[in-house]
J.: 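Starting off with a structure, shown below.
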There are 2 protein chains.
Amino acid sequence: MNLDNPEPTKVAIMEATYEALNKHGYSSLTIQDIADEFDRSKSLLYYHYESKETLLADFLEYTLQEFISEFEVGEEEPSIRLERLLDRLVPESVDTDSYPIQIALLELRAQAPHTEVYRERYSEVDTVLTETIEEILQQGIERGEFQDVDAESEAQLLVSMIYGTRVRRFTTDEFPVEQNREMLFTHVDRQLLV
Amino acid sequence: MNLDNPEPTKVAIMEATYEALNKHGYSSLTIQDIADEFDRSKSLLYYHYESKETLLADFLEYTLQEFISEFEVGEEEPSIRLERLLDRLVPESVDTDSYPIQIALLELRAQAPHTEVYRERYSEVDTVLTETIEEILQQGIERGEFQDVDAESEAQLLVSMIYGTRVRRFTTDEFPVEQNREMLFTHVDRQLLV
DNA sequence: TAGTATTGACTAACTATTCAGTCAATATAT
DNA sequence: ATATATTGACTGAATAGTTAGTCAATACTA
């Protein structure tokens, strides 16, 4: 282990993996691709990870925790928090830098049916997002800001809408993002706001 | 070309590809895997297709047309047609046979960002589904069965909900299908039905 | 016969993974 | 304090297996 920080080599591996995924996408990603973005040797990857699969599982863990941290949206009134969260998860435009990694995360998600560790990770993300929204709704209902809906079910529906919109944005040409965002916000206005 | 039907070899290749995808999934699919499900030789695949990529593109075309044909749901009143369509696209349970191919289609969809031909196909599916729903809504509005909503926007939202639900079902453990279905139908009841 | 369909044997490139060994830093023993 | 042993981090080169794709020869069909 290095001296600078607690896990600098592993951090460097994660960053190299990130870059490699950016450039090549998941399905054609090779260990060599990762090594090419890594300033140390390819063998070292096997010193730290027993296989490509475990390396990628660790990367997924690492990256999804970052994604989860995006769910944190301050302490304002529930309606504002919900709006912020939706705006962040279904933004008007995805900035060019984060585009490739979002696509890689979609590719990894599509592997989840075949790979248990991936599925566990995505299940967790799903649960955390749903619970986050549920809490916001619950708080809004208590404060009389939202109508008295079933917070859990409503959160589930919102999560599905969010993911559906995200998937379509990345996998189709000319997806009408603005129309979908509007409908998302309209749904909140009509179903939730008092 | 064979004598039996117009394209029996190509049909056999499509079926072999289907089986191979069932067994191996997309990301680890090899030409050999397809050949193993094919009663003729691997070389023959290259006689009919210039590359693995074009073979899979053709397979996607073939399979998505089948998927699109599922959108056809009879001639009853719009409210019934919509309900049937939703029930078909977000069924209570996915039958074991079609499970693997649905997953393969999700994997292929995740390749769409990198592969133009795939993206075009999925864009088309998306468009057809949206337009199908839009027509149903339009007809329902005209007949006074549905409220006077913006059919196009409402169709867009429904499509995102449908896809979101499908993605989550296949990529997470313990996805609450029933709750999501209920919310989908509740949304229709509240937003659309007069 | 002439074209079409099909094959098996082949290859060149690439794949993940292994392994023997280097090296600097640290711990231990005297 | 000095010599010795032991470690963890790291490397270059090799390996065994897999991959998509080719091609000359052959069977089939019209």
Side-chain angles (χ1 to χ4, degrees), chain A residues 1-60 62 104 107-108 111 114-118, chain B residues 1-60 62 104 107-108 111 114-118:
Chain A
M1 216 172 305
N2 204 302
L3 296 171
D4 313 302
N5 0 56
E7 298 272 30
T9 301
K10 286 217 173 183
V11 170
I13 293 175
M14 292 298 99
E15 279 165 5
T17 306
Y18 185 99
E19 281 307 314
L21 274 171
N22 262 12
K23 288 193 184 162
H24 306 277
Y26 168 80
S27 76
S28 69
L29 184 76
T30 69
I31 283 281
Q32 188 60 55
D33 293 335
I34 299 173
D36 289 346
E37 304 296 327
F38 188 41
D39 61 352
R40 273 159 278 186
S41 74
K42 183 171 66 161
S43 324
L44 189 58
L45 299 174
Y46 283 95
Y47 179 77
H48 289 284
Y49 292 98
E50 64 181 10
S51 66
K52 183 188 177 186
E53 202 187 326
T54 55
L55 191 162
L56 285 172
D58 200 35
F59 174 80
L60 190 60
Y62 171 90
E107 287 181 86
L108 283 163
Q111 295 310 307
H114 299 110
T115 312
E116 200 187 355
V117 276
Y118 292 4
Chain B
M1 214 168 317
N2 202 303
L3 296 171
D4 314 302
N5 2 55
E7 299 271 32
T9 301
K10 285 216 174 186
V11 171
I13 292 176
M14 292 297 100
E15 278 164 6
T17 306
Y18 184 99
E19 281 307 315
L21 274 171
N22 263 11
K23 288 192 184 164
H24 307 277
Y26 169 80
S27 75
S28 69
L29 184 75
T30 69
I31 283 282
Q32 190 58 56
D33 292 335
I34 298 173
D36 290 345
E37 304 296 326
F38 188 42
D39 62 349
R40 273 157 280 185
S41 73
K42 181 176 75 160
S43 321
L44 190 58
L45 299 174
Y46 284 96
Y47 179 76
H48 289 282
Y49 293 98
E50 64 180 12
S51 67
K52 184 188 177 186
E53 201 187 328
T54 55
L55 191 162
L56 284 172
D58 199 35
F59 173 80
L60 190 61
Y62 170 91
E107 288 181 84
L108 282 164
Q111 295 311 307
H114 299 111
T115 313
E116 200 186 355
V117 275
Y118 293 3

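Source: prediction; values computed, not measured. Protein chains get the first letters and strands the later ones, always in sequence-line order, with residue 1 at the start of each. For the numbers below, each heavy atom of this structure counts, side chains included, while hydrogens, waters and symmetry mates do not.
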J.: Using a 4.0 Å heavy-atom cut-off across all strands, classify Leu29(B) as base, sugar-phosphate, or nothing.
T.: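 It contacts sugar-phosphate atoms only.
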J.: Whole-Å distance between dT17(C) P and Lys42(A) NZ?
T.: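 It is 10 Å, rounded to the nearest whole Å.
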J.: Give a yes/no on whether any side-chain N or O of His48(A) is located under 4.0 angstrom from OP1 or OP2 of dC10(D).
T.: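 True: His48(A) side-chain N/O within range (under 4.0 Å) of dC10(D) OP1/OP2.
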J.: Does Glu19(A) offer a backbone N or O that forms a donor-acceptor pair with the side chain of Glu37(A) under 3.5 Å?
T.: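 Checked: no pair found.
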J.: Does Thr9(A) reach the side chain of Ile13(A), with side-chain heavy atoms less than 4.5 Å apart?
T.: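 Yes, their side chains come closer than 4.5 Å.
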J.: Would you call Lys23(A) and Asp33(A) a side-chain contact if the rule is heavy atoms closer than 4.5 Å?
T.: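 No. Closest side-chain heavy atoms not under 4.5 Å.
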J.: Just call it for Ile31(B): base, sugar-phosphate, or nothing, with non-hydrogen atoms closer than 4.0 Å on any strand.
T.: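 Contact class for Ile31(B): sugar-phosphate only.
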J.: Please compare Tyr46(B) and Ser43(B) by the position of their nearest nucleotide in DNA chain D and report the one closer to 5'.
T.: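 Comparing both residues, the 5'-ward one is Tyr46(B).
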J.: Return the value, rounded to whole Å, for the distance between atom CG of Leu44(B) and atom C1' of dG21(D).
T.: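 Spelled out: CG on Leu44(B) to C1' on dG21(D) is 14 Å.
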J.: Across the strands shown, which category fits Thr30(B) at heavy-atom distances under 4.0 angstrom: base, sugar-phosphate, nothing?
T.: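 Thr30(B): backbone/sugar contact only, no base atoms under 4.0 Å.
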J.: Are Leu55(A) and Asp58(A) packed together at the side-chain level, in the sense that at least one heavy-atom pair is separated by less than 4.5 angstrom?
T.: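 They are not in contact (no side-chain heavy atoms under 4.5 Å apart), so the answer is no.
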J.: Roughly how many Å is it from OH in Tyr47(A) to C1' in dG21(C), rounded to a whole number?
T.: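 Atom-to-atom, Tyr47(A) to dG21(C), this comes out as 14 Å.
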